[in-house]
Amino acid sequence: MTGKIGSTVLGYPRIGPKRELKRALESYWAGRSSEAELREAARELRVRTWRELRDAGLDSVPGNTFSYYDQVLDTAVTFGAVPPRYAALGLGPLDTYFALARGVEAVPPLEMTKWFDTNYHYLVPEIGPDTEFSLADRTPVEQYREALEAGVTTRPVLVGPLTFLLLAKSAEGAPESFRPLDKLPELLTAYAELLRELHRAGVERVQLDEPAFAADRTPEQLAALGDAYRQLGGLSARPELLVAGYFGDFGEAVRVLAGTPVEALAVDLVTEPSTVDALSGVPGLRDKALVAGLVDGRNIWRTDLDRALTAAATLLGLAGEVSVGTSCSLLHVPYDVETEDIDPQVKSWLAFAAQKVREVVVLGRALKDGREAVADELAAARAAIDDRAGATRVRNNRVRARLESLKPEHSRRGDYAKRREAQQKSLQLPPLPTTTIGSFPQTTDVRRARAAFTAGRIDRATYQQRMRDEIKRVIELQERIGLDVLVHGEPERNDMVQYFSEHLDGFISTANGWVQSYGSRCVRPPILYGDVFRPEPMTVAWATYAQKLTAKPVKGMLTGPVTILAWSFVRDDQPLGETAAQVAMAIRDEVQDLEAAGIRVIQVDEPALRELLPLRAAQHEAYLAWAVSAFRLATSGVADSTQIHTHLCYSEFGDVIDAIVALDADVTSIEAARSRMEVLEDLNAVGFGRGVGPGVYDIHSPRVPDAAEVTDLLRAALRSVPAERIWVNPDCGLKTRGYAEVEPALENLVGAAEAVRRELP
C-alpha cells in the first residue's frame, strides 16, 4: 500500500459558497461572458476548495469532484458515450456538453432523474450496442495536475463503471434484449486506460464510487462487480483503488469486493448503522483499508462523536487499516453554518460541510492519538447533543395529542366514480383540459420585491400589492393563452418547500444554505427541528384573490408532506413517518380552508414520493405505508366535488406505481416529455383509472417545443390512455424559465390540445 488514507471526505459541494458557479454558468448561457471566463471561474472554485480541505487537516483530499453540471454526464463525456445526435451538432466540447444537459432548439437534452434517494438530479446516459467507449476526455488527469500546481495532492474521484452502466438506459433502437451492462468489457478497457494515465501522472489512489450496490442487485450484477474489479485491480501499472459504497448498506458487495485486488473500501455507517456488525468476519477485509463513513453527508445535525468513536473502535481489527470519513459526498449539504444568522440554540446543533470536515478530522485524531487528544472537541459535541435532546421547543403536546386522536376515516374519501361525476358537474371542463403545474416565471421585479420586503425596505402592504399585481398579470396571460384551469403563479413563494416551512412552526430557514439540485439550479432546504404546527392559513388569501379575477377554476397549490420532508433537512430523533403525519395535519388544515374559501381544485404536489423510496426492497412496504397515509391524511377532508390533484416528476415511477394508485388523487400529473410517455404503460399495467396529466412540455430545458412536437406527444399519450382521463400540462412548474420561452410553449400546448380535441370521435 501507499500511505494511509487517514481522515477524508468522499466529496464536497461545488457550486460555490456564494453560488459563484451558478452565476458563471448562467452568464455564459446568456451570452454575457466567454468560455474562457467561465473556465477561469471554475478553476478558482476548484483551487479554493482543494486548499480549504487541505488546510482543514484532512489527510486525503478528494479531487475531480467539480462538475459544470453533473458527475454522471461527466463520466459519459470522459468515456465518449455521447449520442450521435449531439456530436452531429458541430459544437465545441463545452457547448456539446451543455447540449446534452440542456438541449438545443433542434435536439432535446438527455433524460434526467433523481440520484438514488436524494434531491440531486443526474443526466441519464444512453448506451446502445454501437456505443464506442474510449478515453475521450482527460479532465480527471488535468484536474489532478491543476491541484498539484496549487500545492495540493488529491485523490481523483470517478463514478464507478458498474454504477455508470446500471444507471444508464438503452439507446433508442437498441434490441430489446440489450442491456447497457452488456458493454462492461469495453467500458473497462477505457477505465483501464484512464487509470494508467493517472498512474503516469503520479496519482497514488483513485476513488471509484459504486452506490448502485447499496440497492438490491442480482447475482449477475454482483458477479460483474467482482469481475470488473478483479480486472481493474489486476492492472500492472495503476493507482491504488478505493471503492466507495454509500446511501445505505453495501450488502453483499462488500464480500465481493473484499475478494478482489482493490486496496480500500468506503462504507456508509450512518444510513445503515448495522453495517458495522455485518463487516465482522468478511473474508479478505483484513487485507484492505476501510474508510468508515461515520459523519452524515446528507443531513446537517452535529455528529455524536462519542457514538461515532465507539463504532470506529468496533471496526478496529476487522480491516488492515481503519480511517474516518463521511457517509457520502458532502455535495448534499450547505457550505458553512457560521455564515448563518439564525437562532443560536438551533445553530449550536448544526454542522454543514465545513463543520463536518472538522468532525472527520477530530475523529481521525482520536483514532490516531486517543480521545484525550481531542477532549475539548468531544465535550463540546456532547454538550450540543444533550442540549438538543432536552430542548422543550422540540415537542408540541397539542400536535401529538391531535395525531393520537385520528381515526381511519380521516384518511378516506368517497367512491371515485361518484367524485368524478360531482367534479364534472362542478367544473364543466372540456375534453383534454389544459393547465400548468403551478408556478410561473419569477421575474426580476418579483424577486426584487420579495428581497426588499425581507430586508425591510418596503412594508407588508406594498409587498402584497406588488404580488397581487403579478397574480393579476399571470391570470390575464393564462386567459389570453386559453388555459382551462388556471393557477395564481406563486410569485410570493421563494421555493415550494421553503415557503411552507416559513409559515409552519418547527422549521427554521437559512440565508446561505444553498445545495445544488442540478446544473445551476440550487435550493435552500429548510431545517425541520421540532414538532410541526400551522399557526394560520398560508395560501388562502392568494388563491381566493386569483379566483376573484376569473370565472375559470383556479387551483390551490400546496406541497405535500413527503416532499416537504424530502426537500428539508429533517429531524433524526424520531421516525420519519411520525414527522410526516405532523406535516400532513398542517396541510390538511390548509386544504380544508381552501375548500371553505371556494377553491374547487386543489393540487398537493408530491414530486419526491419516489425519491425517498429506500434502496432496498425489504424496506419499501414500510416507507410507502406511511408516505401514502400522510398524503391521504392531508387530502381526505374535502367533499366529493372538490378535485384533488397531485404532481410527481423526474422519477422511476414503476417503482412506486402501486403507491401512486393508493394516493387516491383525482388527477395525477407526471413527467413524461423526456421519456416520451413511457410511464403511461406502467400506469396501465396496474389498472390506473384516475385522471392523468403526462407532461408534454419539458420545462427543464430552455428550448420551446413547437405545436407539432406537443401534438405528437399528446397523440402518443392517447394511444395509452382514453381522452376522458387525459389532462394536458407541462412536466413541472415554470418558475425557472423565462416568459420568452413559456408563453410560446404554452400557446403551442393549448394549440395542440385544441387540434387533438378536433380529432376525437
Side-chain angles (χ1 to χ4, degrees), residues 1-2 4-5 8 10-11 60 62 75 116 155-167 181 184-185 187-188 191-192 194-195 198 203-235 238-272 274-294 315-329 615-616:
M1 283 191 183
T2 59
K4 289 188 174 182
I5 297 172
T8 191
L10 299 189
S60 179
T75 308
F116 299 95
R155 177 187 76 247
V157 179
L158 306 168
V159 175
L162 275 297
T163 290
F164 177 74
L165 291 176
L166 289 169
L167 295 182
L181 196 59
L184 180 60
L187 180 59
L188 289 177
Y191 267 82
L194 176 57
L195 290 175
L198 289 168
V203 173
E204 293 186 347
R205 184 177 289 110
V206 169
Q207 176 181 321
L208 292 162
D209 288 353
E210 294 286 7
F213 288 86
D216 295 322
R217 292 298 167 194
T218 66
E220 177 191 12
Q221 292 165 346
L222 286 163
L225 178 73
D227 291 343
Y229 283 97
R230 277 187 288 273
Q231 180 175 330
L232 295 179
L235 296 173
R238 63 167 177 84
E240 290 189 356
L241 302 180
L242 164 63
V243 181
Y246 45 81
F247 298 149
D249 176 14
F250 216 20
E252 189 60 27
V254 171
R255 293 181 176 272
V256 171
L257 290 166
T260 71
V262 303
E263 286 77 14
L265 301 177
V267 293
D268 177 353
L269 302 179
V270 173
T271 307
E272 188 51 67
S274 64
T275 299
V276 172
D277 299 325
L279 293 173
S280 179
V282 173
L285 193 59
R286 288 180 180 273
D287 300 325
K288 312 293 183 189
L290 183 68
V291 178
L294 294 166
L315 297 170
L316 295 175
L318 297 182
E321 170 198 334
V322 176
S323 299
V324 175
T326 49
S327 64
C328 62
S329 170
L615 300 183
R616 297 286 181 185

Side-chain donor/acceptor of E252 to backbone N/O of L222, under 3.5 Å: no
So, the side chain of S327 versus the backbone of G293: is there a donor-acceptor pair under 3.5 Å, distance only? no
Return the CG to CG distance between L279 and L269, rounded to the nearest 0.5 Å. 6.5 Å
Geometric class of the F250/F213 ring pair [parallel <30°, tilted 30-60°, perpendicular >60°]: perpendicular
With no hydrogens and no angle check, is any side-chain donor or acceptor of Q221 less than 3.5 Å from a backbone partner on T218? yes
Check against side-chain hydrogen bond (donor to acceptor under 3.5 Å, both in side chains), D268 and T271: CA-CA 6 Å; D268 177 353; T271 307; 2.6 Å; yes
Residue pair V262, L242: steps toward the side chain to side chain contact (heavy atoms under 4.5 Å, CB included) verdict: CA-CA 7 Å; V262 303; L242 164 63; over 6 Å; no
Between S274 and E272, do the side chains contain a donor N or O and an acceptor N or O under 3.5 Å apart? yes
Any side-chain heavy atom of V276 within less than 4.5 Å of one from L315? yes
Kindly indicate whether the side chain of F164, heavy atoms from C-beta on, has any atom under 4.5 Å from the side chain of L208. no
Could you tell me which non-hydrogen atom of I5 sits nearest to which non-hydrogen atom of A289, and how far apart they are? CD1-CB, 4.0 Å
Can you list everything that forms a salt bridge (charged side-chain N to carboxylate O under 4.0 Å, His left out) with R616? Sequence neighbours excluded, please. D216
Checking V254 against V267 for the side chain to side chain contact (heavy atoms under 4.5 Å, CB included) test, could you report, in this order, the C-alpha distance in whole Å, the side-chain angles of both residues, the deciding distance, and whether it holds? CA-CA 9 Å; V254 171; V267 293; 4.2 Å; yes
Looking only at heavy atoms, which two atoms of L257 and K288 are closest? And how far apart? O-CE, 4.1 Å
T326 side-chain N/O to L10 backbone N/O, donor-acceptor pair under 3.5 Å: yes
How long is the span from the CZ atom in F247 to the OG atom in S329, to the nearest 0.5 Å? 8.0 Å
Checking side chain to side chain contact (heavy atoms under 4.5 Å, CB included) for the pair L232/L195: CA distance, chi angles, key distance, verdict? CA-CA 8 Å; L232 295 179; L195 290 175; 4.0 Å; yes
Side chains of Y246 and E210: any donor to acceptor distance under 3.5 Å? no
Just do the side chain to side chain contact (heavy atoms under 4.5 Å, CB included) check on L162 and L181 with the steps written out, would you? CA-CA 8 Å; L162 275 297; L181 196 59; 3.7 Å; yes
When rounded to the nearest 0.5 angstrom, what distance separates CZ in R205 from NZ in K4? 11.5 Å
Please answer whether the main-chain N or O of D277 pairs with a side-chain N or O of S280 as donor and acceptor at a distance below 3.5 Å. no
Do you know which two heavy atoms are closest between L198 and P156, and how far apart they sit? CD2-CG, 4.2 Å
Minimum side-chain heavy-atom gap T8-V291 below 4.5 Å: yes
Minimum heavy-atom distance between G234 and P261, given as atom pair plus value: N-CG, 4.3 Å
Looking only at heavy atoms, what is the nearest atom pair of Y191 and P161, with distance? OH-N, 3.5 Å
Suppose we screen for salt bridge (charged side-chain N to carboxylate O under 4.0 Å, His left out). Which residues come up paired with R238, at least two apart in sequence or across chains? E263
Over all atoms of both residues, closest heavy-atom pair of L615 and A214: CB-O, 3.6 Å
Going by atom types only, do R155 and S60 share a side-chain donor-acceptor pair under 3.5 Å? yes
Rounding to 0.5 Å, atoms OG1 (T260) and CD (Q231) come to a distance of 12.0 Å
